[in-house]
Amino acid sequence: QVQLVESGGGLVQAGGSLRLSCVASGRTLSTYAMGWFRQAPGKEREFVARVSSSGGSTYYADSVKGRFTISRDNANNTVFLQMNSLKPEDTAVYYCATARYNYRTTQISTYGNWGQGTQVTVSS
């Protein structure tokens with residue numbers, strides 16, 4: 001069983017940056033592809049980014065492409081989400097999760113071991 005803990009969220013002005021971290025315990029992350037998702041108030045949870053188990057392949061939602069970067073440090077069991085040029089519409093609780101399958105997918109049902117989330121608020 002993997003336990004995931006997200007951190008790094010906070011309040012930032014539009015155009016600013018934040019770096020989220022997702023630290024795992026209980027099991028090594030190196031065998032899992034990982035994903036970041038977010039959920040805004042009153043909205044469904046949505047896919048943000050995915051990184052392969054090695055870190056060599058990444059995939060992004062169109063809404064964050066060119067602004068967000070997902071990466072990982074398998075030696076330290078950590079996955080990151082660097083968020084630049086933040087917009088008010090990026091405001092949400094951000095979650096990390098392990099992918100159940102090796103193929104690229106954005107569906108929530110194909111991810112598990114969800115963390116508790118970290119709040120990101122972008123003011124205009």
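These numbers come from a predicted model, not from an experiment.
Although no hydrogens or angles enter the test, the distance criterion places no donor-acceptor pair under 3.5 Å between the side chain of Arg50 and the main chain of Ser57.
Screening residues 26-38 for salt bridge (charged side-chain N to carboxylate O under 4.0 Å, His left out) gives Arg38-Glu46, Arg38-Asp90 as the qualifying pairs, with residues at least two apart or on separate chains.
Looking at Thr78 and Asp73, their side chains never bring a donor and an acceptor atom within 3.5 Å of each other. Side-chain atoms of Thr110 and Thr105 include a donor-acceptor pair closer than 3.5 Å.
Remark: Ser52 OG to Asn102 CG distance equals 9.5 Å, nearest 0.5 Å. Going from atom CG of Leu81 over to atom CZ of Arg19 covers 10.0 Å, rounded to the nearest 0.5 Å. Here the straight-line distance linking atom OH of Tyr94 with atom CH2 of Trp36 works out to 10.0 Å at 0.5 Å rounding.
The shortest side-chain heavy-atom distance between Thr91 and Gln119 falls under the 4.5 Å cut-off. With contacts defined as side-chain heavy-atom distances shorter than 4.5 Å, the pair Thr98/Leu29 qualifies. Two residues are said to be in side-chain contact when any heavy atoms from C-beta on lie closer than 4.5 Å; Tyr59 and Ile70 fail this criterion. Between Asn74 and Thr28 there is no side-chain heavy-atom pair separated by less than 4.5 Å. Looking only at side-chain heavy atoms (C-beta outward), Ser17 and Gln82 come within less than 4.5 Å of each other. Residues Val93 and Thr118 have side chains not in contact (no heavy-atom distance under 4.5 Å, counting atoms from C-beta outward). Within the 4.5 Å cutoff, no side-chain heavy atoms of Phe68 are placed close to those of Leu20.
More than 12 non-hydrogen atoms from other residues, nucleotides or ligands lie less than 6.0 angstrom from NZ of Lys65.
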- With side chain to side chain contact (heavy atoms under 4.5 Å, CB included) as the test, would you mind laying out the steps for Met34 and Arg72 before giving the verdict? CA-CA 9 Å; Met34 296 293 296; Arg72 64 191 300 159; 3.7 Å; yes

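Ring geometry, Tyr111 versus Phe47: the interplanar angle falls from 30° to 60°, so the pair is classed tilted. Note on ring orientation: taking the six-membered ring where Trp is involved, the planes of Tyr95 and Trp114 are perpendicular (angle over 60°, cut-offs 30° and 60°).
In the hydrophobic clustering of ILVMFWY residues, with side-chain heavy atoms under 4.5 Å counting as a link, Phe80 and Leu86 come out apart.
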What donor-acceptor contacts under 3.5 angstrom involve side-chain atoms of residues 3-15, with partners at least two apart or in another chain?
unit_1: Glu6; atom_1: OE1; unit_2: Gln116; atom_2: N; d: 3.0
unit_1: Glu6; atom_1: OE1; unit_2: Gly117; atom_2: N; d: 2.8
unit_1: Glu6; atom_1: OE2; unit_2: Cys96; atom_2: N; d: 2.8

